[in-house]
Amino acid sequence: MVGRTVQSLDVYGPRTLRRHPPGPADFIARIVGCRVEAACRRGKYLWLPLSPARVTGERGWGPATSGEAPAVIAHLGMSGQFLAVEPGAPDEPHLRARFSFTDGAPELRFVDQRTFGGLALEWLDHPQAPPPSVAHIALDPVDPAFDRTSVHAALRRRRTGLKRALLDQTLVSGIGNIYADEALWQARLHYARATESLRRPEVERLLDAVDNVLRAAMAAGGTSFDQLYVAVNGESGWFERSLEVYGREGEPCSRCGAAIRREPFMNRSSYRCPRCQRTPREPRW
DNA sequence: CACTCAACCTGCCGGC
DNA sequence: TGCCGGCAGGTTGAGT
């Protein structure tokens, strides 16, 4: 999409547009005619810095100072996806937004069944910096600037369980329920391990595991249990076949053969090997 | 400030 | 067949 100019934009459904009091018509007017300058991501947030800034739209809502570039912000929520689709292809059942471009390139479609995801428009303080609503999201372990020492320090300051910390996107981003369980299994750590008791070698082991899992998952095109989770070209990822514990209740651990266990955790599920990932003496659930 | 948990939605699956 | 409870990959904001 980078370098293309938005020709038209359609927004469907009352929950698609977030944090935009002037409403969808204003949102659309501010974006149509802009060129996409870049495509950025942090955790599950994605954003497209736009140029040039346009004066269209309702007065009384806009950048704090002139010269700030607008950006479309998206969060995929639980079931959101971006698809690149040829213009004229049938609408998807849960189509929420359609960006079409002046050069007739494939449309960018935002599709979301459960509507936990959404779009917003924000202004960037600096072209390279994440937009305000993304500023609190930490770097992910795959980011070249990711700093293990500060993560270790942050973990030691916390008084919580390890998986809770892994799922806290202000600490480390990019890790959801699946990849948390996979990384904990690989690092042989229990999800209720107290973060303040973690020693540096264990943190290294854990972050190595997270890094391995994320890179392997990306190389496989992600984890697809169904058509809700496909790449931008509509293809399914194959990482589901590589999962060691997630969704594998009762199956043997590939390391030791013990039956994988599923346990309720934070209104979801955690999967672990009861032998490789022993319950700590002083767990923090 | 650190932490926990309900709420936000739709759809699918298994059990009755 | 249909209804119901449980579950699903995430974030937020209110409450403790």
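Just so we're on the same page: letters track the sequence lines, and every chain starts at 1. Remember, predicted model here, so these are calculated numbers, not experimental data.
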Starting from [atom2] on [N], measure out to [atom1] on [X] and report it in whole angstrom.
X	N	atom1	atom2	answer
N267(A)	dC9(B)	CG	P	17 Å
L171(A)	dA2(B)	CG	P	10 Å
D226(A)	dC7(C)	CG	P	18 Å
L228(A)	dA8(C)	CG	P	14 Å
F225(A)	dG11(B)	CZ	C1'	16 Å
D112(A)	dC9(B)	CG	P	12 Å
E92(A)	dT10(B)	CD	P	19 Å
Q169(A)	dG13(C)	CD	C1'	16 Å

**OP:** Inspect the contact between D168(A) and R164(A) and indicate whether a charged nitrogen and a carboxylate oxygen are less than 4.0 angstrom apart.
**Re:**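 No, no charged N to carboxylate O under 4.0 Å.
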Original post:
Do the charged groups of E37(A) and R35(A) touch, with an N to O distance under 4.0 Å?
Top reply: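 The answer is yes: the pair qualifies as a salt bridge.
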With a 4.0 Å limit, can you tell me whether [X] has a side-chain N or O closer than that to the phosphate oxygens OP1/OP2 of [N]?
X	N	result
R164(A)	dT4(B)	yes
H136(A)	dT12(C)	yes
T160(A)	dT4(B)	yes

Original post:
Do any pairs count as a ring-ring contact (aromatic ring centres under 6.0 Å, His included) and have a residue in residues 162-184 of chain A, sequence neighbours left out, and if so which ones?
Top reply: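 Matches after skipping sequence neighbours: Y179(A)-F239(A).
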Original post:
Which residue pairs satisfy the ring-ring contact (aromatic ring centres under 6.0 Å, His included) criterion with at least one member in residues 70-92 of chain A, sequence neighbours excluded?
Top reply: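 Sorted pair list: Y45(A)-H75(A), F82(A)-F110(A).
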Subject >> Between dA6(B) and dG6(C) - P atom distance, rounded Å >> reply: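 Approximately 14 Å lies between the P atom of dG6(C) and that of dA6(B).
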Original post:
Considering only the P atoms, how many Å lie between dC3(C) and dC9(B), rounded to the nearest integer?
Top reply: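 After rounding to an integer number of Å, I get 23 Å for this pair.
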**OP:** Kindly determine whether D211(A) and F146(A) satisfy side-chain contact (heavy atoms from CB on, under 4.5 Å), including the steps that lead there.
**Re:** CA-CA 11 Å; D211(A) 197 85; F146(A) 185 77; over 6 Å; no
When you measure from the side chain of [X], which nucleotide among [options] comes out closest?
X	options	value
R158(A)	dA2(B), dC8(B), dT11(C)	dA2(B)
R262(A)	dC9(B), dC3(B), dC7(C)	dC7(C)
R15(A)	dC9(B), dT11(C), dC5(B)	dC9(B)
H94(A)	dC9(B), dG11(B), dT4(B)	dG11(B)
S269(A)	dT11(C), dC8(B), dA8(C)	dA8(C)
Q113(A)	dG11(B), dT4(B), dA6(B)	dG11(B)
F116(A)	dC9(B), dT10(B), dC3(B)	dC9(B)

**OP:** Tell me which of Y45(A) and Y271(A) sits closer to the 5' end of DNA chain C, going by the nucleotide each one is nearest to.
**Re:**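 On the 5' side of the pair lies Y271(A).
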Original post:
If you group Ile, Leu, Val, Met, Phe, Trp and Tyr by side-chain heavy-atom gaps below 4.5 Å, do L108(A) and V32(A) land in one group?
Top reply: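 Result: yes, single cluster for both.
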Original post:
Counting a pair only when it is Watson-Crick or G-U and both distances are under 3.5 Å, which runs of at least 3 such pairs involve DNA chain C?
Top reply: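 Stem list for DNA chain C: B:2-8 with C:10-16, B:10-16 with C:2-8.
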Original post:
Would you say the side-chain atoms of T160(A) and T195(A) include a donor-acceptor pair closer than 3.5 Å?
Top reply: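 Looking only at side-chain atoms, T195(A) and T160(A) do not form any donor-acceptor pair under 3.5 Å.
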Subject >> Six-ring centre of Y12(A), R98(A) cation under 6.0 angstrom, axis tolerance 45° >> reply: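 The answer is no, since R98(A) fails at least one limit relative to Y12(A).
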Subject >> Given DNA chain B, 5'-ward residue of the pair R157(A) and R114(A), judged by closest heavy atom >> reply: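 With R157(A) and R114(A) compared, the 5'-side residue is R157(A).
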